[in-house]
Amino acid sequence: DPAIIYDLGGKFDKSFNEAAYNGAERWKAETGGTYKELEMQSEAQREQALRRLAESGANPVVMTGFAFGDVLNKVAPDYPDTKFAIIDMVVDQPNVKSIVFTEEQGSYLVGVLAAKASKTGTVGFVGGMDIPLIRKFACGYAQGVKAVNPDAKIIVNMTGSTPAAWNDPVKGAEIAKAQKAQGADVIYAAAGGTGIGVLQAAADEGILSIGVDSNQNYLHPGKVLTSMLKRVDNAVYEAFKAGENIEPGIEVMDLAKGGVDYALDENNAALITDEMKAAVEEAKAKIISGEIKVHDYMADETCPALTF
Amino acid sequence: MTRLPRWADLVLVPLISLLLAGVISALVILAIGQSPWEALRTMVVGALGSPYAWGYTLYYATSFMFTGLAVTVAFHASLFNIGGEGQATLGGLGVALVCLSFPWPHWTLALPAAMVGAALFGAAWAAIPAWLQARRGSHIVITTIMFNYIAAALIIYLLVSVLKPAGQMDPATARFPEGAHLPQLNEIPLVNLIFDKQVPANVTLFIALIACWLVWVLLWRTRLGYEIRAFGRSEPAALYAGISPFRVTMLAMLISGALAGLMSINNVMGESERLLQNSTEGAGFIGIAVALMGRNHPFGVFLAALLFGFLFQGGAELGLWTTIPIELRTVVQGLVILFTGALDYMVRMMLVPFFRARKLEAA
Amino acid sequence: MGRRDTAAPLDVPPAIELRGISKAFGTVQANKDISIRVMPGTIHGIIGENGAGKSTLMSILYGFYRADSGEIFINGKKTEIHDSQDAIRAGIGMVFQHFKLVPNFTVLENIVLGAEDGALLRPSLAKARRVLDELAREYELEVDPDAVVEDLSVGHQQRVEILKALYRHADILILDEPTGVLTPAEADHLFRILKNLKEQGKTIILITHKLREIMEVTDTVSVMRRGEMTATVRTAETSPEQLAELMVGRKVLLNVPKAPASPGATVLEVEDLRVTDADGVERLKGISFQIRAGEILGIAGVAGNGQSELLAVLGGIMKGQGRVRLNGEELDLTGRHSDGQSRRARGIAHVPEDRQRLGMILDFTAWENVAFGYHHDPAYQKNRWLMDNDAILRDTMGKMERFDVRPPIPTLQAKNFSGGNQQKIILAREIERNPDLLLVGQPTRGVDIGAIEFIHKRIVELRDAGKAVLLVSVELDEIMSLSDRIAVMFDGRIMGERLPEQTDERELGLLMAGVANGKGDAR
Amino acid sequence: MDFSTLVQILDSTMRLATPLLLACLAGLYSERSGIFDIGLEGKMLMAAMCTGAVAALTGSVWLGMLAGIGGSILFALVHGLASITFRGNQLISGVALNFVASGVTVLIAQALFRQGGRTPPLSGDARFNPIELPFAAQLADIPIIGPLYSDVLSGHGALVYVALLAVPVTWWVLFRTRFGLRLRAVGENPASVDTAGVSVIRLRYTAVIITGILCGLAGAYLAAGLQTGFGKEMTAGRGYIALAALIFAKWRPWHALMATFLFGFFQALALRPDVIRGTLGFDVPVPALDALPYVLTVIVLAGFVGRAIPPRAGGEPYVKER
Ligand SMILES: Nc1ncnc2c1ncn2[C@@H]1O[C@H](COP(=O)(O)OP(=O)(O)OP(=O)(O)O)[C@@H](O)[C@H]1O
Ligand SMILES: Nc1ncnc2c1ncn2[C@@H]1O[C@H](COP(=O)(O)OP(=O)(O)OP(=O)(O)O)[C@@H](O)[C@H]1O
Ligand SMILES: [Mg+2]
Ligand SMILES: [Mg+2]
């Protein structure tokens with residue numbers, strides 16, 4: 001059986017891990033198969049969890065989150081017959097598949113929408129843990145915003161510097177309120193469970209928010225502008241489907257492959273005008289065609305549109 | 001009130017407390033619509049069913065022996081050290097600094113050095129609450145709780161801002177050099193006949209056993225131990241006997257902190273081989289339950305540590321293979337502490353009629 | 001033993017009647033089938049040795065403890081007293097041996113506590129202030145209603161306790177050893193108040209050890225021994241000698257046979273010794289005396305006048321200022337060598353006043369207690385690191401035999417020995433060290449007559465072996481019979497020194513009350 | 001830091017200080033009666049779970065709050081049983097109950113909702129909705145006082161005002177009523193209360209139940225005010241910070257208000273590292289801010305800033321007969 005390990009936020013974080021859960025469930029519904037799953041409770045458990053799953057014969061073992069990288073590097077060689085897949089991190093082992101996303105492209109798209117929807121010309125970004133990966137989101141977002149409104153002000157806040165930052169809705173809400181006070185009227189939350197607080201506060205305060213990873217539009221219908229979809233669900237689904245024959249190596253899930261996107265559904269249909277839609281679809285096409293190159297923060301740890 | 005015979009006090013009371021905790025846990029499991037029997041079976045198989053399972057149980061038990069002994073030593077000086085968690089955390093820092101500061105050629109050299117680092121850092125973290133208790137009368141329970149939180153904050157800061165290697169995203173130190181790798185049970189000749197798969201239990205287990213014995217010697221065979229016990233029973237009397245409260249408080253807490261710190265040899269050096277956030281996983285707190293359950297005697301601590309190793313590993317297995325959340329083990333742990341530490345009088349009262357009846361029969 | 005009942009007038013029921021009261025604490029039978037009748041408007045005394053069960057009996061009457069069996073009648077009516085509320089409702093007030101006041105409350109708040117007039121405090125306090133004023137004038141019980149209790153002297157705290165009872169309209173007032181902490185002058189004032197109360201028709205029960213007080217104020221008196229009521233007699237028809245005999249159950253042997261002292265060289269010289277306690281109160285205010293080899297110096301005084309601190313500072317438990325020389329060499333009073341270990345190393349042994357709190361660890365075994373304080377003794381060590389428990393065990397068995405400790409089981413926990421045997425273990429430990437100076441406080445407190453004789457004999461033997469002994473006791477008899485010289489302490493000072501054969505209890509009593517030259521007419 | 005930023009931070013402070021204040025006052029009643037309680041954390045957690053669950057099931061925040069109070073009182077009674085009736089070690093009982101709460105809340109939430117130990121998100125009437133104080137809109141334009149009134153004070157959930165009100169009420173109860181006098185007395189010298197004919201046991205149980213109620217409110221506010229539902233370990237040490245505040249406040253109600261607002265202010269500041277950098281000109285590590293309440297408490301405990309003397313009978317079971 002395949003197995004999946006969720007990171008600290010837990011599988012019901014309505015965001016990153018939940019997307020992975022949805023992928024696994026979709027596989028289950030379609031194939032009728034069973035899978036093992038595990039939620040991390042603490043940093044120190046990662047190794048035991050990996051080993052126990054590998055021991056139990058699970059194959060492949062999929063894990064969500066960069067934090068497994070180091071441990072996987074250590075564990076993978078001990079189980080050469082087991083295939084592993086890790087999302088958001090590159091682990092160079094013969095039996096590991098690394099799946100990464102071009103979050104900067106998806107973030108660019110929602111940045112375009114944010115700039116179009118903002119009346120104040122100030123937009124916000126709330127990140128989770130302050131790591132290059134999250135800066136990559138922020139940087140792509142900023143590029144999208146600036147593409148529409150070069151004078152826009154972008155307020156960036158990170159929730160914290162530890163994994164606890166993925167799961168701190170109180171702090172998310174307080175940061176969102178602070179950003180609103182500074183003039184932001186659209187806030188993009190790339191912060192896992194913390195984002196729930198951001199979306200809630202934005203809805204309470206009557207401003208717009210942008211969800212992340214899963215489609216979060218439904219959380220506050222008419223108040224969430226859109227969501228940056230990161231198809232972790234697809235990644236997990238594909239990995240489960242490939243089963244033991246999963247191909248090791250690096251897979252980049254980009255916009256062209258449908259790895260990232262923005263969400264449009266009945267919950268936000270009223271918020272996205274035709275003009276906005278046209279703009280974002282144009283940007284999308286240009287990115288896919290390569291006409292627009294969205295800078296990847298992690299390539300050189302710099303951002304043309306933002307200073308951290 | 002009839003007094004219980006000593007053996008009842010030492011054996012029966014903890015067992016009945018455990019039984020009560022078990023019964024209530026079973027009720028909780030029933031209440032959430034699961035089968036206690038199934039839960040127990042999963043735990044037993046997962047924690048005791050194979051050498052591999054034992055490898056985990058013993059790994060956790062090793063940690064709990066250290067933290068249990070830490071609580072025990074302080075307890076005999078009538079100091080309730082709730083700070084094991086923080087002291088073990090700091091011990092981990094000591095281990096990490098030692099392991100990373102030098103390209104260790106062989107574990108036999110790295111281990112003693114790391115032990116010194118762990119003990120020193122753990123003791124240092126206990127020293128301030130100890131001093132505040134001895135000199136300023138600040139209640140050690142409150143100060144050690146505060147120091148747990150301060151330790152957590154300190155480690156986060158250090159991991160994120162100082163110790164994290166460039167380019168790494170998760171807050172952890174670099175990996176320790178190969179030479180600092182402690183042999184795991186599956187890597188030790190002879191022992192590896194039993195443990196044929198890689199298990200986290202490592203040579204620290206033997207150090208923990210030695211520590212149990214040494215603590216027993218300390219408490220019941222040395223002058224310092226005598227002074228610690230005397231001071232713990234009666235401070236005025238200790239003063240009369242010329243035992244310095246300051247000295248005993250400091251020494252007991254330093255030893256306690258050092259023991260808690262030494263735990264990090266097991267988890268930081270022996271298992272994860274780098275310092276992580278929350279590396280202790282609550283072992284400092286479990287030490288309280290272990291000490292209470294073990295009646296503050298090193299041998300009791302040894303047994304209780306095995307029990308809690310079983311609970312911890314078994315609980316992890318529950319989380320892994322059943323839909324019973326892993327938090328069940330926190331509940332059991334809390335109930336054991338409650339019954340052995342706070343409701344022991346109730347347990348005794350339950351036993352008294354039985355012994356009174358026996359006495360009457362005998363008479 | 002002849003039992004005589006008070007002949008009561010037939011028309012008035014007794015204010016208090018107890019029938020068949022029994023009470024056990026674990027294995028200790030504190031009260032055994034006790035019956036007693038007290039007529040209204042009288043002062044009834046209860047005497048008995050330590051631990052005889054007096055406080056227990058009164059606490060039962062006050063509802064603080066519950067009797068295992070027995071009945072209580074108040075003014076002829078059977079009354080169920082389950083808690084203190086019931087007792088208060090029945091008109092009973094009690095002043096406990098250990099006061100039951102809230103130290104950081106004001107006098108007024110303490111008085112009102114539990115007797116408030118409604119859910120709000122202000123009206124209650126205002127009323128209490130008025131009533132207090134009346135009571136104070138009526139009974140000479142002045143206290144400042146706004147003073148914080150912990151700032152008051154013991155005598156004043158006691159007044160607060162009495163006022164508390166009166167405020168609750170007590171017609172029956174129980175006082176448990178009220179004079180133990182008072183100077184004779186304060187005690188006299190108290191007795192005036194009691195007589196005054198009696199004239200107002202109140203019934204009073206007075207517990208005390210002191211025969212003099214019984215003879216002075218009571219109308220009737222009951223004697224308790226070992227949990228039993230041995231007799232009740234009219235005070236006018238008895239004598240101190242008879243009461244003493246009733247108390248201990250046989251003729252009292254007051255004097256230990258001892259040879260005259262033959263003092264040698266000076267062992268201990270104390271000069272201008274001062275001690276300040278943790279609260280900053282000066283407890284010893286410049287004390288000087290000497291003890292020579294082969295001599296027992298007895299320190300007499302009302303408890304709380306600095307005797308405890310004197311023992312503590314000499315024994316290394318407290319720090320002090322001044323000069324103390326042992327065999328001509330200065331003792332460290334403040335520095336590193338001012339602790340108990342250093343004192344023992346210098347040849348000072350110490351039998352503390354409060355044996356259960358200071359002298360031993362009740363949870364330790366007898367043998368562990370034999371090493372207590374001497375755990376550094378080379379004879380008790382196996383090597384540099386380890387203690388030699390077997391050696392201590394062997395030593396303990398010898399000591400138990402020589403001091404007739406019963407049962408002679410060294411592995412028994414100290415708390416399982418009776419008080420007298422606990423004291424013997426401590427004495428064995430300290431005396432067999434053959435110290436140059438023995439400090440001994442209240443050596444026979446709570447110890448039965450047989451053991452008292454034994455203990456006294458050992459102390460005298462030590463003196464005869466040429467050692468110096470400093471004896472502190474609140475029992476004047478003990479001081480008189482053991483000491484070669486007597487010093488009387490009052491308020492942290494030595495009021496005077498006397499030779500036992502040239503003084504009497506009256507003179508010592510005056511000195512204890514702080515009357516400078518021991519002559520009543522001096523001030 | 002400009003004024004509007006300050007208003008912002010004070011606004012956050014109000015929200016973040018509220019659970020601390022309620023828990024701190026909760027601890028005050030218990031400890032004033034002589035029962036030490038380091039189980040505030042667990043009671044809050046239990047209350048948060050019960051509130052989250054019942055509010056989610058019924059859609060009513062008020063029913064949720066009642067459930068929260070119920071759950072908290074249950075734990076308070078167990079603590080009372082251990083420390084009053086069975087004369088157990090109060091510290092150990094508190095530690096134990098925190099563990100039980102930490103685990104059992106997740107177990108129950110998981111069993112009820114199967115969402116990883118959370119309760120479903122609350123919205124609408126299942127949460128404490130903001131209350132506009134009278135004239136908030138009209139007064140908003142008055143300089144300084146206006147924003148302080150209409151942005152900081154106004155616009156919070158009901159429990160914020162309940163917490164603020166609880167301070168004078170507690171002071172009044174403690175120092176102006178018969179119950180308060182007895183409560184203070186039983187924490188200082190239970191024998192004095194006992195001999196005065198008042199039941200020590202009943203007084204202490206009453207105090208412990210009040211503690212349960214206030215912790216219940218604190219937990220309810222966490223789950224349905226500050227957040228939108230219960231999450232694992234969501235109290236995040238607030239019970240211990242409240243305990244720290246109680247010591248900091250030296251067991252006095254008005255001081256408790258100040259201490260909890262100070263600690264709430266630190267928490268609010270920790271959310272705004274940018275403001276700290278802007279004001280101080282250098283970075284203060286967020287962990288340092290997180291640790292500040294604990295460090296301050298240790299300093300107070302050390303007696304360097306006025307000695308904190310707990311109620312004298314605190315922590316000791318009342319035993320008449322040995
Ligand atoms: N609370 C208690 N628990 C257990 N035993 C007790 C308690 N109070 C008294 N005792 C025991 O009961 C016996 C009688 O004690 P009580 O205090 O009544 O004596 P007493 O006559 O008042 O003595 P004293 O003159 O020393 O005050 C003693 O053996 C004592 O140790
Ligand atoms: N805590 C206890 N546990 C068990 N037995 C006890 C305990 N306390 C006292 N005893 C036993 O009860 C008996 C009575 O004790 P108590 O202290 O009242 O003796 P006593 O009659 O005053 O004798 P002594 O004159 O020697 O002081 C003793 O034989 C003692 O061994
Ligand atoms: Mg008495
Ligand atoms: Mg006795």
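Since this is a predicted model, take the numbers as computed values, not measurements. Letters go in sequence order (proteins before strands), and every chain restarts at 1.
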Asker: Tell me which pairs pass salt bridge (charged side-chain N to carboxylate O under 4.0 Å, His left out) where either residue lies in residues 177-200 of chain D, with sequence neighbours left out.
Answerer: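 Sorted result for residues 177-200 of chain D: E109(C)-R184(D), E116(C)-R182(D), E188(D)-R312(D), D194(D)-K320(D).
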Asker: Please look at N104(C) and chain D and tell me whether the side chain, the backbone, both or neither of the residue comes under 4.5 angstrom of a heavy atom of that chain.
Answerer: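 For N104(C), the contact with chain D is made by backbone and side chain together.
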Asker: Below 4.5 Å, heavy-atom pairs only: which of S124(C), A115(C), G63(C), G118(C) has the largest tally toward chain D?
Answerer: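 Greatest number of close heavy-atom pairs with chain D: G118(C).
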Asker: Before you tell me yes or no, could you show the steps for E353(C) and R355(C) under salt bridge (charged side-chain N to carboxylate O under 4.0 Å, His left out), namely the whole-Å CA-CA distance, both residues' side-chain angles and the distance that decides it to 0.1 Å?
Answerer: CA-CA 6 Å; E353(C) 291 180 300; R355(C) 61 175 165 268; over 6 Å; no
Asker: Sort L113(C) into side chain, backbone, both or neither according to what part of it lies under 4.5 angstrom from a heavy atom of chain D.
Answerer: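 For L113(C), the contact with chain D is made by backbone and side chain together.
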Asker: Would you please name every residue forming a ring pair (Phe, Tyr, Trp, His ring centres under 6.0 Å) with W172(D), sequence neighbours left out?
Answerer: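 None.
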Asker: With a 3.5 Å cut-off and no angle check, do the side chains of S55(C) and D176(C) form a donor-acceptor pair?
Answerer: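 On atom types as modelled, these side chains qualify, holding a pair under 3.5 Å.
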Asker: Using non-hydrogen atoms and a 4.5 Å limit, figure out which bit of R168(C) sits close to chain D: side chain, backbone, both or neither.
Answerer: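 Contact with chain D involves the side chain of R168(C) alone.
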